[in-house]
Visitor: 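First the structure, then my questions, so here it is.
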Number of protein chains: 2
Amino acid sequence: MTDTAAMLAVALDEARLGLAEGGIPIGAALFGPDGQLLGRGRNRRVQDDDPSMHAETAAFRAAGRLRGYGATTMVTTLSPCWYCSGLVRQFGIGHVVIGEAETFQGGHEWLAGHGVKITVLDDAECAAMMRDFIAARPDLWNEDIGR
Amino acid sequence: MTDTAAMLAVALDEARLGLAEGGIPIGAALFGPDGQLLGRGRNRRVQDDDPSMHAETAAFRAAGRLRGYGATTMVTTLSPCWYCSGLVRQFGIGHVVIGEAETFQGGHEWLAGHGVKITVLDDAECAAMMRDFIAARPDLWNEDIGR
């Protein structure tokens with residue numbers, strides 16, 4: 001899978017699952033150099049009472065122990081926060097595909113400045129899902145980003 | 001507990017436990033405003049086959065869901081990598097106490113530039129433990145920092 005829209009569909013599916021579970025609707029997936037799915041996951045703050053499992057960290061974790069992330073692509077429904085941007089930088093993930101960066105801007109411009117390829121899709125469904133969620137549960141959203 | 005040496009002892013104990021388990025010897029602990037221990041943990045890459053559990057993320061996770069990290073202190077045996085530095089920045093952890101930044105330098109200067117109080121203790125035991133580990137298991141160490 002190398003089509004960004006098809007990759008985003010996997011992350012969006014995770015976000016929808018999270019929403020259905022009462023969680024924060026952010027999903028992510030890590031793909032290998034030939035577009036193979038390595039891991040997928042969603043924010044698990046509510047589901048597992050785990051503040052360390054953002055969508056990107058969950059997808060990274062699900063992919064298991066790997067060597068060399070330069071040719072991998074992290075797809076996420078939302079601009080990665082500093083925590084998840086730090087993950088991308090430390091492990092040298094080569095490409096980040098972002099559903100939307102309108103409801104929240106994390107560190108994706110910082111990553112671009114450090115040589116990470118960044119693709120922002122401006123996806124309307126991702127943005128609507130987050131906008132609705134933030135309006136409905138500002139408490140949970142602020143907790144998740146440390147505000 | 002507000003004495004940095006006493007706080008470091010908790011992180012160092014975690015690092016030693018990790019080493020005894022065959023893991024990467026990095027430990028961390030999160031303390032509250034009155035010096036109360038909120039969570040402690042160690043790198044779990046080897047033990048749990050989990051690349052997402054660095055010492056700082058493990059301590060953060062163990063502390064559970066909290067609101068407002070500004071008055072908390074993260075103590076870690078080693079300079080936090082970009083992943084863990086991103087965690088500190090996103091959640092606004094106010095103070096990071098670092099055992100040593102000699103065997104590895106992560107993002108602690110970047111954090112200082114963003115208003116995080118940074119204390120580097122130059123602890124000889126932390127540095128010796130990492131130096132010995134890196135010499136003995138460069139493969140594991142490089143895997144853990146994405147090299």
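Protein chains get the first letters and strands the later ones, always in sequence-line order, with residue 1 at the start of each.
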Visitor: Quick check on A/I93 against chain B: is it the side chain, the backbone, both or neither that has a heavy atom closer than 4.5 Å?
Guide: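 It is neither, since no heavy atom gets under 4.5 Å.
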
Visitor: Linking I/L/V/M/F/W/Y whenever any side-chain heavy atoms sit under 4.5 Å apart, do B/M129 and B/L140 land together?
Guide: yes

Visitor: Would A/L8 and A/L19 show up in the same hydrophobic cluster when neighbours are defined by side-chain heavy atoms closer than 4.5 Å?
Guide: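 Different clusters: A/L8 never reaches A/L19 through Ile, Leu, Val, Met, Phe, Trp or Tyr contacts under 4.5 Å.
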
Visitor: Test of understanding: clusters of I, L, V, M, F, W, Y form through side-chain heavy atoms closer than 4.5 Å, transitively. Do B/L87 and A/V96 belong to the same one?
Guide: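 Yes; tracing contacts between hydrophobic side chains, which count when under 4.5 Å, links both residues.
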
Visitor: Assigning hydrophobic clusters by single linkage (Ile, Leu, Val, Met, Phe, Trp, Tyr; side-chain heavy-atom cutoff under 4.5 Å), is A/L111 placed with A/M74?
Guide: yes

Visitor: Which other residues belong to the hydrophobic cluster containing B/M53, where Ile, Leu, Val, Met, Phe, Trp and Tyr are joined when side-chain heavy atoms lie under 4.5 Å apart, directly or via other members?
Guide: A/M53

Visitor: Any chain of hydrophobic side-chain contacts (each under 4.5 Å) joining A/V88 to A/I98?
Guide: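 Both belong to a single hydrophobic cluster.
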
Visitor: Please tabulate, one pair per line, the N or O donor-acceptor pairs under 3.5 Å between chain B and chain A.
Guide:
residue : atom : partner : partner atom : Å
B/D49   : OD1  : A/R65   : NH1          : 3.1
B/D50   : OD2  : A/R61   : NE           : 2.8
B/D50   : OD2  : A/R61   : NH2          : 3.0
B/R61   : NE   : A/D50   : OD2          : 2.8
B/R61   : NH2  : A/D50   : OD2          : 3.1
B/R65   : NE   : A/E143  : OE2          : 2.7
B/R65   : NH1  : A/D49   : OD1          : 3.1
B/R65   : NH2  : A/E143  : OE1          : 3.1
B/R65   : NH2  : A/E143  : OE2          : 3.4
B/R67   : NH1  : A/D139  : O            : 3.1
B/R67   : NH2  : A/R147  : O            : 3.3
B/W82   : N    : A/Q90   : OE1          : 2.8
B/Y83   : N    : A/G86   : O            : 3.4
B/Y83   : OH   : A/Y83   : OH           : 3.3
B/G86   : O    : A/Y83   : N            : 3.4
B/Q90   : OE1  : A/W82   : N            : 2.8
B/Q90   : NE2  : A/I145  : O            : 3.0
B/D139  : O    : A/R67   : NH1          : 3.1
B/E143  : OE1  : A/R65   : NH2          : 3.2
B/E143  : OE2  : A/R65   : NE           : 2.7
B/E143  : OE2  : A/R65   : NH2          : 3.4
B/I145  : O    : A/Q90   : NE2          : 3.0
B/R147  : O    : A/R67   : NH2          : 3.3

Visitor: Please report the closest heavy-atom contact between B/P51 and A/G64, naming both atoms and the distance.
Guide: CG-O, 3.4 Å

